[in-house]
Amino acid sequence: MSEPLVVAERVEMTFAPRGIFALGKPVRAVAGVDATVARGEALGVVGESGSGKSTLGRVLLGLLAATGGAVRFDGMVLPKPGSAAWRALRARMGIVFQDPFGSLDARRTIGAQVEDGLAIHTSLSAAERRAQLTEMFVRVGLDPQRLDAYPHEFSGGQRQRLGIARALATNPDFLVADEPVSALDVSIQAQVVKLLAELRRDLGLAMLFISHDLPVVRHLCDRVIVMYLGRVMEEGPVAEVFARPLHPYTRALLSATPMLDPARRLTREILPGEPPSPSDPPSGCVFRTRCRHVRPECAETVPPLREFGSLAHRVACIRADEIN
Amino acid sequence: MRRLWLPAGFVALIVLIAAAAPLLPLMDPVRQDVANRLVAYLPGSPMGRDEFGRDVMSRLIWGARSSLAVAFASAAIAAVIGTALGLLGGWFRGLAEVLAIRGADVVLCFPPVLLALLVVTLLGPGTGTLILVLSVLYLPGFIRVSFAEVLSARSQDYVEAVRALGARTPRILLRTVLPNIAGPVLVQVSLAVASAVVLESGLSFLGLGVVPPTPSWGLMIRGARATMEQAPMLLLWPCLALTATILAMNLLCDAVRDVADKRGGGGAPKLRLVDRLLPGLFPAPAAPRPLLDVQGLTVEIAVPGGIIRPVEDMSFRLDTGRTLAIVGESGSGKSMAATAIMGLLPPAARVADGVARFDGEDLLRMPEAARRKLRGGAMAMVFQDPMSSLNPVHRVGDQVAEAIRAHRDVPAAKASAEAVGLLKRVGIADPDRRARAYPHELSGGMRQRVMIAMAIANKPRLLIADEPTTALDVTVQAAILDLLADLRREEGMGLVLITHSLGVVAEVAEDVVVMYAAQVVERGPVSQVFANPLHPYTRALLAAVPDGDIEPEGIPGVVPRPDRWPPGCRFAPRCTFATEACETPPPLEEVQGQAVRCVRWRELRA
Ligand SMILES: Nc1ncnc2c1ncn2[C@@H]1O[C@H](COP(=O)(O)OP(=O)(O)OP(=O)(O)O)[C@@H](O)[C@H]1O
Ligand code: SF4
Ligand code: SF4
Ligand SMILES: [Mg+2]
């Protein structure tokens, strides 16, 4: 693996309650996560809604300042959000959002929105920006003649391409794709995934690919981390994790994935109960309230991520040896 | 644009006449002529003379100057300051929010007349004082409107996207947030101007506003009231001027808002006249009737270049307790068909043809009032984008309770309790506490659960779910699909599921409709269609699913734009099997419970 571009060490992100009286408990969305994204590597992040995937993505981008631990980008510690250094760094990182409808401003032309990054970070003339824009549109498979159209004239897949074009306009090194294909239908999904794979290859882009669609992660990413309630449950090369899931949560996740072929369907394990609130996580193993292998000792200490079997495959479960 | 001209012209005319008063050949508005007091008509005074013999027309026009100046100035001051405060309060929260919102609350506590009295006592009556009083009075409205709008805008991804690009705060506020809150603020401006004209009249009438003998509409009404019996017409003129001005302002602001809104739309929904006059044109269906029977549904949208048809001749049937999935790519018209059935088409679109019988009654020709009664009651819809369907400034529990009370007459407390029960039913942890949360405090999955709770609040018999689990992760999706299956079984509910996940279709639906470019290209039982797809498009879709070991293949190209549909088979430009034969439009052919629209299906099957 080539040199690391983004390195997160024991990153924590706690949201303090807001409002004048600051009622309620703080919410710990990310609780001590280690993650590395190498240059040109695609790291998948999967997990339940509210497990902290998007927060992790925003922390790695520096859009949120971590409340604990450290994030380094290309060797330097991320500057404070809003500072001049931070704003300059925006040109080197991009984000693609999940919601193709909410992520574009309905009242500005798509050309103006994709152009924003260039207008903010470069001193190119309007004509030069137009030329780059046209090139970017072609690159993501959009008709450059429609630069002056408004978002409502585009379908979901096209809007997602617009979102990708906007994120890549400044030619960044690192892209966080936050469920970019989740809202798309399957033929378009395959196209966008292919587009992302191509862009990644052509531009040497490092990518954090957040998704709830495990099969897509399997086809697009090199490695995957499985998150639950702000913590990493399992980590490893995609082929390994999907072929031999070690953590009870990863297994539940895989079994819930709808499969076309009835023969390939795993017996559905519907997780009992509901995910605990991140403001009040269970002690010890955070998955224990829904785990079918739970033992009293699971409540005592937070299970560390340890290697299991192959070198890069790691799991955070104290009973991993027994249940596998 | 054309909608703007009429009201804009009218407002401009009023303003122009008022502004040009010194240039017009008018009599001196303050010159008294007691000999001619209360005369109804004099040459040179077409509207007569008032109680001091002053020329009414001249006073009306000169009065417009003070009345309109006060109204526009106070509305403009309040709009600028109020919007700025709301913007800052909503964006920075914290102290800015406390100052803006609490300040607005304090002002709202004062009765307007008391406030006016206070200021007049301090500063003395006059036009300036009046403008000050009115601006302060209208400030809270602008603060609150813009605050609420900013709050909802700031949680939107497009705002986050601009921030992620490194834009400075002023740029974000001015370029991105302000245009998005402009609509409601403009409406507020129209309300403020209209009510300022009224309040000016009222306060001047009480002697707290414009000082006589300067004419103003309020003073004219005040004067005319005293002589109402002798000269009723004196009251009519200023009232008429007042009403016309307010109306014109309202129309203008509405038009400005519509024109400024780039999200599309415009124009009211239309049903053909013949459909209104002859609702029973189509014969009643034979028993046993399906829950939902859609025949030949066609939707048209008038666009600048002509008319497009995002849904064309769509037919399907859904029986009680069953699930029908509609699949197809972006732009194939699935959502448009669903919204047409629900009567929720965007303003630009209209149903051009077809019937959609729900329990035998045609939804498409039903009066809107009747349809509204069904919507959220006997039939409900869950949307793809829960955030835009939930109100950002209300607690989710209240919104669910509101959905209950919109259709059933239950006391508020009972509705709230029921709402908590529904939130629990859809699998929300800690429903008591979550009921008090605002939408932006919930995760995407939870927001979708709230939407489902609202949809099932009144035990619908038909639920149309447009990509209900698209944004959710698989464990939640599995739970929600189970939930929908339970609801369907227990309540005998029919479910139309629009989804892009063929895996979901395979697991939960009994029948499937595959749409492409506004048309049904294949239809039939899921087991049959998936095991034995007859249409090349269905095959290609199945090959795009990533859940196998083979690299998924996307379908090259996109669905063509509705105004550029190929003349023959619409899939031809992307179809690997296209030949010359495909240049004629293929009909939908029925074979053993399966329907297919492809000229070559027989050869390809072999
Ligand atoms: N307001 C509008 N003005 C013009 N065309 C429109 C408008 N709304 C939708 N369309 C067009 O109608 C067609 C069908 O849109 P619709 O949203 O129903 O498709 P869909 O299959 O639901 O797509 P998606 O899966 O992205 O939601 C598209 O080609 C779209 O561009
Ligand atoms: S540590 Fe215990 S509770 Fe956690 S996953 Fe392992 S067995 Fe289950
Ligand atoms: S009619 Fe021709 S182009 Fe259309 S789907 Fe069939 S084979 Fe392909
Ligand atoms: Mg849709």
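Order of the sequence lines sets the chain letters (A, B, ...), proteins ahead of strands, with each chain counted from 1.
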Gap between atom [atom2] of [Y] and atom [atom1] of [X] - 0.5 Å precision:
X        : Y        : atom1 : atom2 : value
A/Gln189 : B/Glu329 : CD    : CD    : 11.5 Å
B/Thr176 : A/Arg108 : OG1   : CZ    : 5.0 Å
B/Glu441 : A/Phe15  : CD    : CZ    : 13.0 Å
B/Arg168 : A/Arg87  : CZ    : CZ    : 3.5 Å

Looking at B/Val162, B/Thr499, B/Asp482, which one has more heavy-atom pairs under 4.5 Å with chain A than the rest?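 Most heavy-atom pairs within the cutoff with chain A belong to B/Asp482.
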
Top of B/Pro546, B/Pro552, B/Gly554, B/Pro179 for chain A proximity - count of heavy-atom pairs under 4.5 angstrom: B/Pro546

Can you say whether [X] sits under 4.5 Å from chain B via the side chain, the backbone, both, or neither, judging by heavy atoms?
X        : answer
A/Leu63  : both
A/Leu253 : both
A/Arg166 : both
A/Ala119 : side chain

Given heavy-atom pairs under 4.5 angstrom as the criterion, report whether the side chain, backbone, both or neither of [X] touches chain A.
X        : answer
B/Glu553 : both
B/Arg163 : both
B/Leu542 : both
B/Arg175 : both

Would you say the side chain of B/Arg561 lies within less than 4.5 Å of the side chain of A/Arg146, judging by non-hydrogen atoms?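 Result yes, sub-4.5 Å side-chain heavy-atom pair found.
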
Over all atoms of both residues, closest heavy-atom pair of A/Asp105 and B/Tyr158: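 The pair with the smallest heavy-atom distance is N-CB, 3.4 Å.
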
Close approach to chain A in residues 501-508 of chain B, criterion heavy atom under 4.5 Å: B/Ser501, B/Leu502, B/Gly503, B/Val504, B/Ala506, B/Glu507

Under 4.0 Å between a side-chain nitrogen and a carboxylate oxygen: does that hold for B/Arg171 and A/Asp116?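 Answer for the salt bridge query: yes.
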
